[in-house]
Each structure stands twice: as structure tokens, then as C-alpha cells.
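Everything on this sheet refers to the single structure shown next.
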Amino acid sequence: MTTGFQAMTNERTARWRIETRTTVSRIFTMFLFLAAALMIFAPFVVSRGVIQDLFFILTMLTLAQSWNLLAGYAGLISVGQQLFVGCGAYALFGLVILTGMDPVLAVLLAGLLAAAVAVPTAFFAFRLYGPYFAIGTWVIAEVGRLLLAQWKTLGGGTGTSMPRDATRDMLGAAALSDWFGMRSSVAADALAYWMALVLASATIIFVYRLLCSKHGLGLAAVRDNETAARALGVDAQRLKTLIYLLTAIITGVVGALIYLQKARISPDAAFSLTDWTAYVIFIVVIGGIGTIEGPILGVLVFFVLQNAFSSFGSWYLLALGALAIVTMLFAPRGVWGLISDRTGWELFPVRRRLKDGSSEYEMGGPHG
Amino acid sequence: MASLVETRGLTAFYGDFQAVFGVDIRLEVGETIAVIGANGAGKSTLMRSLAGVIANSAEMVLHRGEPIGALGAPDVVRRGIALVPEGRRLFPSLTVEENLLIGSYGRQVVAGPWTLESIYALFPILKERRRNPATALSGGQQQMVAIGRALMSNPDVLLCDELNLGLAPVVIKDIYAAFAKIKASGAAIIIVEQDIVQALKVADRIYCMMEGRITLTGRPSELDRADIHAAYFGAGTHELA
Amino acid sequence: MNWLDTLLQGILLGGLYALFAAGLSLVFGIMRLVNLAHGDLIVLAAFLIMLIVSSFGLNPFVAALIAAPLMFGLGWVLQYYLLNRTLGKDVLPPLLVTFGLSIVIQNGLLEAFTADSRRVSAGSLETASVQIGSVNAGLMPLLTFASAVLVILALNQLIYRTALGRAFRATSDDVVTASLMGIRPNSIFAVATGLAMMIVTVAALYLGMRANFDPTAGPARLIYAFEAVIIGGLGSLWGTLAGGVILGLAQTIGAAVNPEWQILAGHVAFLLVLLFRPRGLFPRAVD
Amino acid sequence: APAIAQNAAIKLGYVSPQTGPLAAFGEADKFVIDSFLATTKKLGLTYEVVVKDSQSNPNRAAEVAKELIVDDQVNLMLVSSTPETTNPVSTTCEGEQMPCISTVAPWQPWFIGQQGNPGDPSSWKPFDYAYHFFWGLEDIIAVFTGMWGQIDTNKKVGGLFPNDGDGNAWGDKVVGFPPVLEKLGYGLTDTGRYQNLTDDFSAQINAFKQAGTDILTGVMIPPDLTTFWNQAKQQGLKPKIASIGKALLFPQTVEALGDAGHNLSTEVWWTPSHPFTSSLTGETAVTVANAFTKSTGRPWTQPIGFAHALFEIAVDVMKRAGGVGDGDAVAKAIGETKLDTLVGPIAWGNEKLPPFAQKNVAKTPLVGGQWRLKSGGGYDLVVVENGLAPNVPLGGKLEVLA
Amino acid sequence: MPILELKSVSKSFGALIVAEGVSFSVEPGEALGVIGPNGAGKSTLFNLINGNLKVAGGSIQFDGRDVTHTPPMQRCLAGMGRTFQIPQPFERLTAYENLLVAGAFGTRQAEAHVVDLCADILVETGLIAKANVAAGSLSLLERKRLELARALATQPKLLLLDEIAGGLTEGECRQLVATIKRVHQRGVAIIWIEHVLHALTAVAERLLVLNFGRVIGIGAADAIMASSDVREIYLGMEV
Ligand SMILES: Nc1ncnc2c1ncn2[C@@H]1O[C@H](COP(=O)(O)OP(=O)(O)OP(=O)(O)O)[C@@H](O)[C@H]1O
Ligand SMILES: Nc1ncnc2c1ncn2[C@@H]1O[C@H](COP(=O)(O)OP(=O)(O)OP(=O)(O)O)[C@@H](O)[C@H]1O
Ligand SMILES: NC(=[NH2+])NCCC[C@H](N)C(=O)O
Ligand SMILES: [Mg+2]
Ligand SMILES: [Mg+2]
């Protein structure tokens, strides 16, 4: 039996087009590629201090992008992402110390180990919804922290340090010293920085491609109305699980990278709710949840605040808390929400605009 | 003398969506009026505006001549305007008796003919079931609770939105019989009704709504079927039987 | 290993957790509000009691009596002016705002009281105990447990036997329809949070007399409170007590096996309950 | 590395917990640094101290250490107070080839805790840039057993060691309490590493009651001590001696116990009666302590002496170092230190330490003390055991708990 | 073989019986109208057919397969499209994207393959001018059309329509009827719940009357409309 409109479509091929990009976004994409390309050379040009600041920004950005994917797009409000940071970081230390693996490789492998942890975690967490899910993920992260605190070989609750030689001899470090005469600590910084740069860029590209894909469309539908989405054949549960596992991988790799650079780990630090989830949530919310631009702006705001005011100790944290409250109440779509409302810009457009090749019909714009 | 309730150019919005456009209605003391109209015509929206669930500008709704359009539902209730909402909306965690008792929450100081006893006298079945959770009742019984709950505030204006939804005809008859008693106690009633026949039977005056506007109004005796039909379904429709 | 003692201590510990959780349960049950600042509010109340004790030299129980209305006021204001704006079907705003609040309270306390760990002294009561059969039970833990039962009993009376309680439940079911009864949801919610803060004061009293506290002690309390509420099932106060007891028992039994597993055992019990009863042991019929 | 011009200020980085749960350790920092800067100014030395707060957070400690090295480009790093602070900072310095002097953490958690695999002594390696001075577990064990020997007990000991830097080291089967106690004829009941901030200690109390322990020991954080001590009393555990590390260092914690703090004993690493003088100012311990009380209105605490000594060593090292901007030269100078400080003589390369630790660890004297309720309220810390440092005057003998 | 067949399907919400021994079948390409008083269980019937609600008893066959316990998603993929009585658009997506979701997921095809299909449906349903407008800012009428369009984009063999003509002006109503007729003529089977009878009878060949969850009549439209039961309980006319 022929159904619906199949017959009609065949006659009219190539009449309709979909457009996603806009002029603004094209210019911005070019600018972004240029910036990323320039940033590759940063370790040769700017001071180590700047490199480390950039490393901080890039890693927090990656964490923020992945939490945003989880909460902003898949609607999974997790307050337990520190689990994956911690597991990734401990995977790195375990692989390096116990198997003597090269740290660069171990960082990549750490992502997979984090995902391996995410599978049983998902089994528990996905039995819960809404606020239950949030609390559940927190408790699971606590369980992770307590379990790793029992791993005596890696120092238990005391924690442990990365053997010096491991970072000194890591893949590419020797080459950097030979070619550019970098000290080993400088070379390690540079390597970590490049990995962070690649990771952050890859994450943003990945998230953007995902949103532009059919899965992204399905995700948006689920976020708007899960019942209707399910009724139309969107497998919401599978999509959410997929996103959960993917963010676990990304978060695990970032965790490993951060601790490669810190060289010292302890369960309390690696599974810190404040450092790896609370700050990340602030970044996303202040920047604008549910957008790719938001975390980018948010991390810059956070970095500036941290640099300018962190010497004020608890007053700084107090102000940060207050800022989050104010943002949520008065600008729930964050800084980027305010900007895009004024300017109509979309730097990472995912909207599929229908264009008519024969211009027979006039189609309203997104704001028309 | 001012009408009991009066609207002047009432408009109502859901976000950007306008559901009611410049509606003027009037309700006099001791009167029953019926609002009829198709699905989505804006009848419930009108009721919700009167009850203060949807906020308007103050002058759009007058109660005994005083502007009340900007008051919230709790304050409107306290003035004596009670709504039997569309779809009953009983409180599932409360028992039947508790659902009734909570009706008087905002008007505990007001004395009047309606007490637990008189409600039970009106709907004896409720007394038997008073310890049950409200959701364990049949649709019709639930509707009785919803009406009883509104009466518990001893209102002088009773707004009833689609009373007969899910009700057996015999129950409907009981309820409309009770309306006589309610009117006798001095209250005025607005009913929203999709059943034209029923509306014509009980109402002193009829307002017919379509697409958020009043398209027809008058006393039942003055209106002819065709007019109502036109107002209800749009002009030139397939003739109903 | 003395099992009788382990069980008794576990149950008594559960009383403390139930006290931590009762206020949370009330707020969670009525408003669907996940208050991440609950633990910090307990600590705040403990500081308040300590302040009253030290400035007027009062008995801690009397100090708590003075602190309770103050905390009620704080809760009322917090809910009316801040938290009410975050309620809705989206779970993120309340989570975030209370998370921010938690950080504000912690650091505010840090500025005001430094990071020193403090104590509310109850004199000889702290170490007093009674012999029950072959085991010793501390008077303080017994008192804590009794208070937990009392608080939950009183809350149940309030919620199921008074007009205010009816209004709480009705508003919890359906905000719009509640407003049609003349209930002002914003005020009702504010009163509920105020009440929760009075319970928080009781929890703080026992926290302060049992152990040290410092401005950062809140989150650790919060997680137990949450676990107790969720184990018990949303909206069930007796369930919350049961949840607290289960948590306390899991911890002491875990510790009796090996103290390394004490806290872990509590969390594992929580996860197991969720695995088999995702909505807790005594969930409300409608949710 | 470029030599720093002669008149440029020497930059010292300083990391300690000034806020957060460990803040009591950092309480004296401001006072010490202010007087250090005043002294150097008087002496015509140009020093700059960049102070960073770890917020009691190991993550933050590592971060600020990096900032000090990379952004502030300090010449020497100083770090103090608990393995949670000293270890991340020392590790960072080692990686960054930045000379670092650390203190106020027993040396085992510092040294072993920074090794990749603490369980495997063959993998342990000394550091090139990180140096530490404080006492070690062998000292605390000697001091505690010295105290315990003063009264008659059944030699049964209950141990409370948490799963953190200190607890894991104290309870370690190789370097910690268990082997030594066994050798000395004590029977130890160790129930295992509990998690900090535990609400219930009945498992431990039960075990101790069962074993009939007369002595309690351990290294606890203050909130846990309070919880434990109250529960122990409620449940009828009546030890004759309780010697607890860390929690009982500060008078506030003891006062928080009310009268129940009477006769609890602890380690003492510095008091105003320690017979040492500052190499920098010539002040005696008691002068420094009094100055602190005068300027802050707070009672003296043990970290004052060590913070002061840290800066003494820094000045001494920088005087001897070939070039202050040359990390290797500074590290070498640290290793060669021989200085009499406010906390006693400091010299690295001590033969009495195990070979692996000799290079990086210097030891300071340790004595034992007991808190005594004063008649007018408040507590006094009385030195009751000085076997390791006979030059520290005794204030009395150990008394049995009530 | 019927495209849809219900055999004594029953359902209740607690004490409230909303479907009781409901049996009927729909042939491929047929258009069946459903009428009945408010609260009779019509929308519930749709929820049972498409699987949003689980049946308490009885069985449902769709396209030759038993789907009684199949989740809604599978039924959609098998060719069952529906509209909701209260429109449920994806508010932050454009009208066109709403259709893309239905087209791409409802038929398991790549997005690129349904670009034209979805655009053509927008033309067909008169929504093309709003293609790039966020669904959240559509008016109710447009939302109702979007419901229909979205259901069509899943290329259904059976289309369930729940009160889509209510509140339309005469002209709009005629347009809608024409659209549905076209869909019907392409061989799509339709079940349509509607209170606007003239619209319904213009399309439906047979009518089914529901009251208190029970089928009280099914048959040719004229005969049903003339029956005294319907006149009394549904039209409220005195007989
Ligand atoms: N909460 C809401 N949000 C958005 N639109 C709404 C909302 N409630 C009603 N509407 C829309 O407002 C219009 C008027 O609705 P209303 O409920 O007042 O109609 P009604 O005449 O009572 O219809 P019915 O007979 O179905 O009860 C309708 O188009 C409806 O879809
Ligand atoms: N989820 C539910 N829980 C309890 N009762 C329900 C539920 N959904 C519907 N009902 C009740 O079931 C009955 C049938 O509802 P249904 O929506 O099927 O009616 P309908 O025939 O579609 O009416 P209408 O013509 O007004 O749309 C109603 O009385 C309704 O109140
Ligand atoms: N017992 C002690 N710990 N004493 C001294 C201080 C060192 C540091 N407090 C530590 O964490 O241990
Ligand atoms: Mg209505
Ligand atoms: Mg319906």
C-alpha cells in the first residue's frame, strides 16, 4: 500500500533545501578555526603562566560543554559528574604507576575506563528521574570516592603522586626538549595544553555535529515534550543513555588530563563536588544553559572572576553563589541569552531553515 | 445599581496567545446565565478570568461595581466568587470530607447556609463516602464533591464550568434541581455548558461564544435554534437532524 | 561483636538522620523543592544556638526555643522572596538556586565565625547514659531519637488533622485549584519552609550537642538527609523516619563488619532500596 | 638561569590552609609573616612573601603552588600544615624543579605519601627539590609509649586511624604504630581505617570494650574526636589514658569538649617553654608566643614556632645559595642547612633516619603533653614526657583519666 | 484483513471504567468517525490504540500483528499516526523541524530523505508560510494543523485524529475537510473523533458511538445520526 506523500516527493526532487548556517555563524566559524590554529603556537609565544591559564580554561570548557550536553540538551541534571573526573584521573594514575604505561596513552584510555564505570552507573541512575536522578548521581559519585579511598595501592585516602619520570619521559616530551630546548616541566605543560586544546575543540565540534544530526533533532524533541517524541518514534531512553556514556568518556579524559597536569591525586580532590561539578554548573548557567556559546562565555566569566577576586577567599565564593542565584532568577538563559536576544546572533545554529528553490512560497523567519 | 458581576472589554492571554477578545457580560443578583460555545471557544478562559486565575487589568472585571480584575484567585474567592473548575480537579491526597472542608479555607469567617451538614443533605452519597480519598469516587460523585467544595465558601457568585462532564443524566438532573436551592439562598450562577438544550432550560439568559468573542446573547425564549446553531458552528452548516 | 548494641546504636543514629531529614521531607513533599542548602541551614541554626548559648549563657534547649522562631522567620522570608520564584516543572532552577544558597551560607558563616569547629555544650547530659539490659544507651542519643519521633508525630498531626495541614496537602496536589479555595500558595509555601526551619533548629540542637560542627559541615549532613527522605518515599513522614533508621542501621552494621565500610554501607543500602523500589518504601499514591 | 640583580627582592611563596576545616593551622600565619617582613626590613634584607591560601583543599593547594611558580616566579616555596597541603605543593615543586621547604606534617605521610606506590618501598625515590622538617612516627610512638609507661596499665591499646594522610601512615603495618607497639609489648586493637566525619563510633567502642583496652590512641580530626569521646563515655568505655594526635593540638578543640577534655594527652612539637631562640631575631620561644597573644588576643598555638622557623631557614638558605634565581643552587643550599631555629636545630642528611629519607627529611624534637583544666576555666598544656628532648622542661607527670 | 481490530478491550482508572468490552475493526483505507458525550472515553480509546495507555483486558491487532503490548514507539513505526486532542508541539523547534522529527524518527529514515516529504506536507496543510517559525508561537489553529501535519509525516497507514476541527471557521473547516479527504483518497485509513459533526460526516463512512466506555452503536453515518440513542444522549434532543 502506498502511503501519504511518497509519490509526490519523487516528482519534486531538489526543489526544497535546508539551510542551517547563517552569515554570522560562517564568519564566526572561520574566526574560530583561525583562533584554534593560532592557539597551537601558543606554547612557543606566550609565557607558561598564560599556557596554564589557557589549560585551565580549556579543561573547564570541556567539562562545561559535556555537562551542558547532559543537562541542557538531554535534560539529565547530574550532580555527580565528579565521578567520571575521578575515575578518569585514577585510571591514569593506575595505568601509569602500576603498568608503566605512557601517560599520553593512559589519558586516552582513561576515557574508556570512565565509560566502563558509566555502564553500571547508568543502570542505577536511569531508574530515577528529575530530582531523584540528581541526588542519585551524587550518591553514586560518593560511593566511587569511598571505594577508591579503599584502594591502598594508590594511597587510599591519602592519595598519591605521579612519578616524576613518567611525565618527564612522556610521549613527545623528549622531542620538545631536543627541538625547542624546553625544560621538562615546560614541555609537559605544553603537551598537556595541546591535548586540552584538541579535546576542547573536538568536544565542541562533536557536540555541534551531534546537535545538527538526526540524534540532535530527536534530543531537542525529547527535551520539549517527551511523550510526543516517544509517540513519534524517538527512542528517548536510548538517546539519553548514549549521551550519558559519551559525556562520561569526555569527562573521564578531561579528568585524566587535569590530573596529569596536577601530578598529585587524592580521592577527596579527584571526586570533589565543588571543583568538578558545582563550578561547572555555575559556568554553564552563567553563560547560558542549552547553548554551545553559553559555556564558552561562562568559562571566560568564571576565569576572570577567579583571577580578579579569588584572593578574597570566602567573600569571592559567597559572591559566586549569589551571582548564580541572581542569574537563575533574572536571566535564566544566562549571559548568552541576553546577548542573543539583543542581537539575534546564533554562532552555532542548529535550526534547520526550509528554503524554497522556486521561491513560490514566502517562509517566515525564526523571529517572524 | 451596579450588576453583581460585569466584564468590560475583557481580554485574556496564554503567553502570546489571545483566547478572549473584548468580552462584555453581565450577571444580576439571583440570575442564572449560561455560556455556550464550541470546544476552544474561550468559555473556560472567561471563567478563569472571572475567578482570578488569569490576571487582567483591574477595570475589566467588576464585582458589585468594584474593580477586581487584577486580584488573584485567593482574593477573588474571599470576596465570594467561587469556581467549580473544568475537570473537577479534586485534591487527590485529601479525603472527600477534607476536600469539602478546604472549600471554606479562605472564607472561614463567612457564615451562610452551606455547611458540611447541608452539603451532605444535598448529596447523601458523599456522607457515606466521606472518609474515602476523593479519587476513589465515580466521576459523578467527584463532580458533586467539586460543587460541594465551591459551595462551602458560601459564595454569592457560583461559576460552574462544564458541570455535566462525565455525569449520568440522572445526576445532572439532581444537580440542576439543586441550583434552584442555591439561587433561593441568594447566589447568582454562571454555567458553562456544551449541551444547548440543557442550557436553554435552566438559564435566564444565554451568551454564545465563538473564537473568544460573544457572538449571540439573549433570553432563551427570544432565541431561535437556527441562530444558536449559526453562532455555535459558524454560518451555513449542515443541518442537524 | 555485640549485635544487640550494634542494632540499638544504629536505630538511635537513625533518629538523628531522621531529624536531619524531616524538614527536608516536608519541603520536598509539599513543594517538590530539592533544597540543596538544607545541610547548611542546619549548620546555620547550630551556630545560631551556639551564639545564643554563649552570649546569654543559656541552656541549649532554652536557646533552641529562642532560635526556632528566628529560623521560622528566616525560612519564611527565604521561601517567599527567593525560592517561590524557582518553582515550576523544571527541576533545574530550584537545584541551582539552593546550590548557590548553600555556598553563600557556608562562606557567610566562614566569614562570621571562622573555620574553627564549634560545639554546643550540654554539660553532663553529653556523657550520661542508661543501662538497657546488657547494653548502654547514651541519654543524648535516646533523647535525639525521642525528639525525632515526636517531631514526626507532631508533623503528622499538623498535616492530617488541621486546616493548615489540609492547605499544605491541597497546595501540594494542585497549586491553581488551591488558590481557588482562597489559599495563597506563596504564603502557604513560606509557612511550610518556616516550619521546616523550626525542625532544622531541633536537628541543629542535637547536631551541636553530639559533635563538633564548622561552616563546611553541611553537605555531609545533607546527603544523609536526602537518602533518608528518598528511602522512605516522597511525602511520607513515617517513611522518612524509617529511612533514617535504615541508614543508621546500615552504617553501624557495616561498621561492625569493618569500620572501613561504615559510610559506604549506608550509601549502598540507599542504592539497593532504589534499585528495588525506585520511589522509596512508602511512596505517595499520586506523584 | 639568569642571576637576579643584587638589589631585587627575593620572592618567597607561602602556601597554608587559612580557611576551611584546617584553618586553625594557618591562624598564626599573618602574624608570623608580618613580623618576618618587619625584621628583614630592619636587617636591610629585601624579601617579598607571596601568600596563598589552600582553602584546606588539596586541589587548590596544587593550583596555587603552580601559580606561585609560574606567574609570581618565586625563588623558593614554603609550605606548611598537614599532608593535605604539603604533599600537593611539594609534588608540584618537584615537577617544576622549584626548591621547596615543607613542615608541619609527620615525615612519613609526607615522604611516602608522595610516592607513586606507597605500598612498594623498592619503588620509593628521594626528591631533588622538596625538603621537609618535622618529626616522624618513630618519634610520636616513642613519646606516646613514654607517657604510657608512666602509669600502670594492662598495655592494651585501642587505635583510631582514619583513612587519610595521617591515619594511613600512623596505622601502617610497616612504618606506623602496629609493628613498634608489638615490639614494645603492647597489644593493639586496630579496627581499620574509618572515614573522616563519621557519625557513629560504636563499632570501635565495642571492639575496645571487648578487648578491655586501657589506652586509646590515634590521629583524629576534631569533630570526630568529639563524637567519639562522647559516645565512649555514654557507652561506658573507660580508658586510663587517651593520647590522640592532631585533634588535640588546639585549645579550642579541647575547650569544645567541656570538662571531658581534662587529662587528654597529645603530642607537643612546640611550646613557649621550648628552650630555643630564633636565628633571625634572637627572640626566645616565650617572647614570640607572648608577642602573638599581644597582637592577636588569642592563646599561642604550636604552628607559630614552625611557621617562624620556616622563614628563618629561608633567609639562611638564600644567604648561602649561589644564585637566588638558580633552583638547583637553592636546593643544594637547603640540603646543606645547619641552623639553630626557634623549633630546635635543623639539618638534613641525618644518619638516624632510614636511608631513603635521609636526603630530604630533617627532624625536630617532640615531647608529650597533657591538657589540664585550669581552676578558672580553660585548659593548660603541660609537658609530661621529654625522653626525646630532655632540654624541654617537664611540667609534671602523666595523670590517669578521671 | 482489517488494518485495525479491537477485541473486547477494557480499561479503567481506579473505579472509573473508561473502556468496557470495546470491539470493532477498521478496514484499510476506511474512514471511521467516533462520537460520544464528553468523558465517554474517546480520547482514552486513542491512548489505548496507540499504546500510551496499557489495556487492562482484550487485544489489539494492527496490520495483521498483535500490538496489544507493543510500546507506542513501535506502533508508530508500524504505521500508526495520531494527533493529540491538546496539541503537543515541540515548542522550541520550528514547524518544519517538528515534521522532520516525525519524518526521520517515525519512519526510521535519514533526515535528508524526508526533506521534501515534510515540506510538501507543510504545503498541503497550509503551514508552509510558518515553516521556519518556532512552534511555540503558533496559534491554536495552527497548532492543530501542525498536529495533523506531524502525524502525516510519519507516513501512517492508519491516522488517529482527535478533535481537530473544533473552533474552526466555516472556511477553515472546509479546507481541513478537503485535506483529510485527500489523505483518505491516497488510501490512508482514518479514525476521527470529532464534535463538529458536519465536518465528520463529510469524511467518515461509518460512525462509532461511545458512551461510558461502551460502544452503543456502530454503522453507516446516516443511520447512526438518526438513531434515538444518539439523538438523546449525544445531541441532547428530546425524542
Ligand atoms: N493553558 C493554556 N495555554 C495555552 N492556551 C490555552 C490554555 N488553556 C486554553 N488555551 C487555549 O485558549 C482557547 C480558549 O480555551 P478555553 O479552555 O477557554 O475554551 P473552552 O471554550 O472552555 O473550550 P472547551 O469546551 O474545550 O472547554 C483555546 O484555543 C485553548 O486551546
Ligand atoms: N489518567 C487518568 N486518570 C484517571 N482518569 C482519567 C484519566 N484520563 C482520563 N480519565 C477519565 O476517563 C474518562 C474518559 O476520558 P476521555 O479523555 O477518554 O474522554 P473523551 O471521551 O475523550 O471525552 P471528551 O469528549 O471530553 O474529550 C474521563 O472521565 C476522564 O476524567
Ligand atoms: N599529629 C599530627 N598530625 N600533628 C601535627 C601536625 C601535622 C599535621 N597536622 C598532620 O596532619 O598531622
Ligand atoms: Mg472549557
Ligand atoms: Mg477527548
Side-chain angles (χ1 to χ4, degrees), chain A residues 1-20 73 212-239 290-291 333 350-358 360-368, chain E residues 28-29 50-52 71-77 79 81-82 84 88-98 100-102 104-108 110-112 114-124 128-136 150-157 183 186-188:
Chain A
M1 189 173 90
T2 55
T3 60
F5 292 77
Q6 202 59 65
M8 286 163 52
T9 16
N10 295 340
E11 300 156 18
R12 293 195 187 171
T13 37
R15 170 171 170 192
W16 303 102
R17 263 181 310 113
I18 290 194
E19 257 177 36
T20 304
Y73 291 107
C212 289
S213 76
K214 184 176 157 183
H215 291 302
L217 192 62
L219 214 50
V222 170
R223 181 192 58 186
D224 272 8
N225 189 331
E226 188 161 337
T227 330
R230 279 176 198 271
L232 289 173
V234 183
D235 191 339
Q237 201 65 17
R238 204 177 67 108
L239 266 181
T291 62
R333 290 173 53 233
V350 292
R351 185 131 283 176
R352 291 136 172 96
R353 263 187 217 79
L354 185 65
K355 297 282 161 180
D356 179 6
S358 68
E360 184 184 335
Y361 297 105
E362 185 58 41
M363 273 151 309
H367 301 279
Chain E
N50 97 319
N52 265 1
M73 206 179 70
Q74 300 300 332
R75 299 191 208 194
C76 171
L77 289 172
R82 80 163 287 184
F84 288 93
Q88 311 220 348
F90 305 121
E91 303 207 346
R92 283 180 281 184
L93 299 184
T94 64
Y96 181 59
E97 286 170 325
N98 267 271
L100 280 179
V101 173
F105 286 91
T107 62
R108 286 270 158 90
E111 221 184 297
V114 296
V115 167
D116 288 352
L117 169 77
C118 295
D120 290 338
I121 294 174
L122 284 181
V123 175
E124 174 80 42
I128 191 70
K130 300 283 182 171
N132 296 327
V133 173
R150 215 168 55 176
L152 288 176
T154 63
Q155 299 184 263
K157 294 173 191 159
V183 173
R186 273 182 220 115
V188 180

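Each chain gets a letter, A, B and so on, in the order its sequence line appears, and its residues count up from 1. As a basis for the values below, the full set of heavy atoms in this structure was taken, side chains included, without hydrogen atoms, waters or symmetry mates.
Residues E/Y96 and A/R353 are not in side-chain contact: their nearest non-hydrogen atoms beyond the backbone lie 4.5 Å or more apart. Two residues are said to be in side-chain contact when any heavy atoms from C-beta on lie closer than 4.5 Å; E/T94 and A/L354 fail this criterion. Counting heavy atoms from C-beta on, the side chains of A/W16 and E/V123 come closer than 4.5 Å. When side chains are defined from C-beta on, A/V350 does not count as touching A/Y73, because their heavy atoms never get closer than 4.5 Å.
Heavy atoms closer than 4.5 Å to chain A are found nowhere in E/P71, neither backbone nor side chain. Both the backbone and the side chain of A/A229 come within contact range of chain E, judged by heavy atoms closer than 4.5 Å. In this structure, chain E has heavy atoms under 4.5 Å from both the backbone and the side chain of A/R352.
Between chain A and the options E/N50, E/L100, E/L77, E/T154, heavy-atom pairs under 4.5 Å are most frequent for E/L100. Between chain A and the options E/Q88, E/R92, E/E111, E/E91, heavy-atom pairs under 4.5 Å are most frequent for E/R92.
The side-chain hydrogen bond (donor to acceptor under 3.5 Å, both in side chains) search around A/R223 returns none, not counting sequence neighbours.
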